[in-house]
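Have a look at the structure below before the remarks.
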Protein chains: 2
Amino acid sequence: MSLIEKRRKTRQISVGNVKVGSDSPISVQSMTNTQTQDVQATVKQILALEKAGCEIIRVAVPDMEAALAIEKIKQKISIPVIADIHFDYRLAIASAKAGVDALRINPGNIGEQKKIKAVVDCAKEHKISIRIGVNAGSLEKNIEKRFGITAKAMKESALINIKILEDLDFHDIKVSLKASDVSRTVQAYRLLAPKTDVPFHIGVTEAGGLYAGIAKSAIGIGMLLAEGLGDTMRVSLTRDPVEEIRTGFEILRALGIRSRGPELISCPTCGRCKIDLFKIAHDTEKALLERSSKIKVAIMGCAVNGPGEAKEADIGIAGGDGKGILFKKGKVIRKIDQDKLVEQLLMEIDNIENEKSGDI
Amino acid sequence: MSLIEKRRKTRQISVGNVKVGSDSPISVQSMTNTQTQDVQATVKQILALEKAGCEIIRVAVPDMEAALAIEKIKQKISIPVIADIHFDYRLAIASAKAGVDALRINPGNIGEQKKIKAVVDCAKEHKISIRIGVNAGSLEKNIEKRFGITAKAMKESALINIKILEDLDFHDIKVSLKASDVSRTVQAYRLLAPKTDVPFHIGVTEAGGLYAGIAKSAIGIGMLLAEGLGDTMRVSLTRDPVEEIRTGFEILRALGIRSRGPELISCPTCGRCKIDLFKIAHDTEKALLERSSKIKVAIMGCAVNGPGEAKEADIGIAGGDGKGILFKKGKVIRKIDQDKLVEQLLMEIDNIENEKSGDI
């Protein structure tokens, strides 16, 4: 039984070799927070993000030096790059010439028609797509005046920006409608959905740190995906961007849309637990991050209830008193000393992985 | 504009002095992971949880010593206590006599009718309520055989357990239907909702650590609350239970249902940011945890876009180059040296709090 309503019908566009929209997988993206012109630092961060599963990376292009750095960055990484540009159309053109795979601009912010046309002509020539990135905090003044800072205003801004590009016969567009609160974000996508077949980049902006950031992103992105709205996503956290990717895949997994690597279920422990389960869960989680098989692993506090409660897991451990037990599909296999639990669990996972074939 | 559908109509029950169901606030609960018989450790954890906003606390009662400890624990704490009992009806009776405010049992696991009746008579005498805690991992064998480990099986188990209690003319019931995956959890509550007016305790069980645990809980609990299903909640994390409370309130805040303390929005930073924003955001977040006013605070990376994007915040700071700026409702107030940003921001928040009246 899936929670997911039928996915919204959209056109399909390309960001480099990643397809976005229609029936393509919902991709997970992030944004670097290095100075883009610092090629070494930016490449290092992107490679870490690639390893975590990042499929599209955006970089800020605040000046010409950053635009020119894109060419060197692209040589050392594998995933497509989006240039994030505010206001200055020349930076968009320079980024395109530097080999960027897509632009994030708001045509309405670029200014005169001839500048917009220059960017669009350049995007056509280089066969790159454009994300219209509507943000509740930076709406066009006339729209904000008319509609306030509302979901409706965000929808109107998106429609105007889409029209600007489509009137120039440019259709390789995706659109985002981000606010820092879940409610307006979700409502804006709901309002825009019936008005266009442009694919949606979804996310809650400035969501915050770990607790608020993950909670707001998971609710906002989760509700949208459950309604079939969303073709690519970015989780926004005031944290290392690698954590954005990790959270993104956890959201997709929680909804049964995509999975990446092993799934760990673990109990919160209670007064029945006589083992340091937090450390065991933490060590196991860390070790499993490197793996790509689709195995389901359970870390349970209590040897009495644990194996039964986690009988759907391929493998698991449950705490006893100083000792733990190893179980498979709810059946107890053997007792293990507490300090060897993680090691032996990982060894057994190796064995299962050798039997199964892993895929991502 | 709210995302929330009309709340499901339920009967109202009491857990000590906390009302659950009908139009009472959606309460946030947690469970201790200390040995319950260790009164000192358990009280210490409950007091930390109270400070974080916990409104109901559950303790494991695996043996008679734990049941008897409840009396001493209750003397030193302020929030109601639920005794979590598996199988042994004598522990339920002892807990009730020790002054517990509610029981979590599954009547179907208690065994013979006369034992169930003894528990119910005791609950009536002490005027305490009962949570029926259905868990996908510990369904009655005959139900699991008939329906598999499914949302439907969970609903059936709940209905059978509700009937056992109601046939004994006991109605102070709430029910939970937890699975370790979001999909079955949400579906089970959806299936049960039209069949009873018993209030719902909601949550995803064994959700895991920080990323998976918050994401799964936020999506599952968030979707249910958005559909009007849910009267009290517990976020389950393999972490300090204080983090469960924090996550619970972030979920309620994200949905606009309840808020607790200041709201922090913060940007993820990008190549435009020339300041150590992660540290600033972290330090600010930590300081704000202690406060109870409903102020909205923004921590933005970029002095050019930040104040405008965060113009809905009561107050905020944005990073420049070595310096930062302080702004109120989008208007720049003054420049501040980077190393004084947090200190001066907190001082300004003091001033605003003195003007406003805080409430929780």
Side-chain angles (χ1 to χ4, degrees), chain A residues 1-3 31-36 59-60 62 66 84 135 137-138 149 151 180 182-183 186-187 206 208-212 214-216 218-219 222-223 226 236-239 246-247 250-251 254-256 264-273 277-278 281-282 285 305 308-312, chain B residues 1-3 31-36 59-60 62 66 84 135 137-138 149 151 180 182-183 186-187 206 208-212 214-216 218-219 222-223 226 236-239 246-247 250-251 254-256 264-273 277-278 281-282 285 305 308-312:
Chain A
M1 211 166 13
S2 170
L3 285 178
M31 185 169 186
T32 54
N33 59 18
T34 53
Q35 307 289 308
T36 308
V59 301
D84 189 275
N135 190 312
S138 55
I149 309 180
S180 64
V182 171
S183 180
V186 170
Q187 301 283 13
E206 293 132 22
L210 217 41
Y211 302 87
I214 299 178
K216 284 163 81 172
I219 296 175
M223 285 183 77
S236 164
L237 298 177
T238 309
R239 306 277 297 183
R246 200 168 159 189
T247 304
E250 291 297 353
I251 293 170
L255 289 162
L264 186 69
I265 64 168
S266 57
C267 90
T269 80
C270 72
R272 294 180 191 91
C273 179
L277 201 81
F278 287 3
H282 179 264
E285 192 173 19
N305 300 322
E309 286 207 5
K311 58 181 163 288
E312 291 176 291
Chain B
M1 213 167 8
S2 169
L3 285 177
M31 184 170 187
T32 54
N33 59 17
T34 52
Q35 308 288 310
T36 307
V59 301
D84 189 276
N135 189 312
S138 55
I149 308 178
S180 64
V182 171
S183 181
V186 171
Q187 302 283 12
E206 292 132 21
L210 216 42
Y211 302 87
I214 300 178
K216 283 163 81 173
I219 296 175
M223 284 182 77
S236 163
L237 298 178
T238 309
R239 307 276 298 183
R246 199 168 160 189
T247 304
E250 291 296 351
I251 292 169
L255 289 163
L264 186 69
I265 63 167
S266 57
C267 89
T269 80
C270 71
R272 294 179 191 90
C273 179
L277 201 80
F278 287 3
H282 179 264
E285 192 172 18
N305 301 321
E309 286 206 4
K311 60 181 161 288
E312 290 176 291

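The shown structure was predicted, so the numbers you read here are calculated from the model rather than taken from an experiment. Only heavy atoms go into these numbers, but all of them, side chains included; no hydrogens, no water, no symmetry mates.
With a threshold of 4.5 angstrom between heavy atoms, B:Ala212 approaches chain A through its backbone and through its side chain. Proximity to chain B involves both the backbone and the side chain of A:Thr269, based on heavy atoms less than 4.5 angstrom apart. With a 4.5 angstrom heavy-atom cutoff, B:Ala66 does not touch chain A via any of its atoms. Both the backbone and the side chain of B:Arg272 come within contact range of chain A, each with at least one heavy atom under 4.5 Å from a heavy atom of that chain.
Note: B:Ala215 leads B:Ala215, B:Ala310, B:Gly222 in heavy-atom pairs under 4.5 Å with chain A. Comparing A:Gly308, A:Ser138, A:Ala60, A:Ser180 by how many heavy-atom pairs each has under 4.5 Å with chain B, the most go to A:Ala60. Contact count against chain A (heavy-atom pairs under 4.5 Å) is highest for B:Glu312 among B:Glu285, B:Met31, B:Glu312, B:Met223. Ranked by heavy-atom pairs under 4.5 Å with chain B, the first of A:Leu264, A:Thr247, A:Leu237 is A:Leu237.
Taking both residues in full, the closest heavy atoms of A:Gly271 and B:Pro62 are given as O-CG, 4.4 Å, listed atom of the first, atom of the second, then distance. Of all non-hydrogen atoms in B:Ile265 and A:Glu206, the two that sit nearest each other are CB-O, 3.5 Å. Across all their heavy atoms, A:Ala281 and B:Thr238 have their closest contact at CB-CG2, 3.8 Å. For the pair A:Ser266 and B:Gly209, the tightest heavy-atom approach, listed with the atom from each and the gap, is OG-N, 4.0 Å. Residues A:Cys273 and B:Gln35 share a closest heavy-atom pair of O-NE2, 2.9 Å.
Interatomic distance, B:Arg246 CZ to A:Leu210 CG, rounded to the nearest 0.5 Å: 8.0 Å. The CG atom of B:Asn33 sits 10.0 Å away from atom CG of A:Leu277, with the distance rounded to the nearest 0.5 Å. How far CD1 of A:Ile214 is from CD1 of B:Ile251: 11.0 Å, rounded to the nearest 0.5 Å. Distance OH/A:Tyr211 to CD/B:Glu250: 10.0 Å, rounded to 0.5 Å.
With sequence neighbours left out, the side-chain contact (heavy atoms from CB on, under 4.5 Å) criterion links B:Ala254 to A:Val182, A:Lys216, A:Ile219.
Using a 4.5 Å heavy-atom cutoff, the side chains of A:Lys311 and B:Ile149 are in contact.
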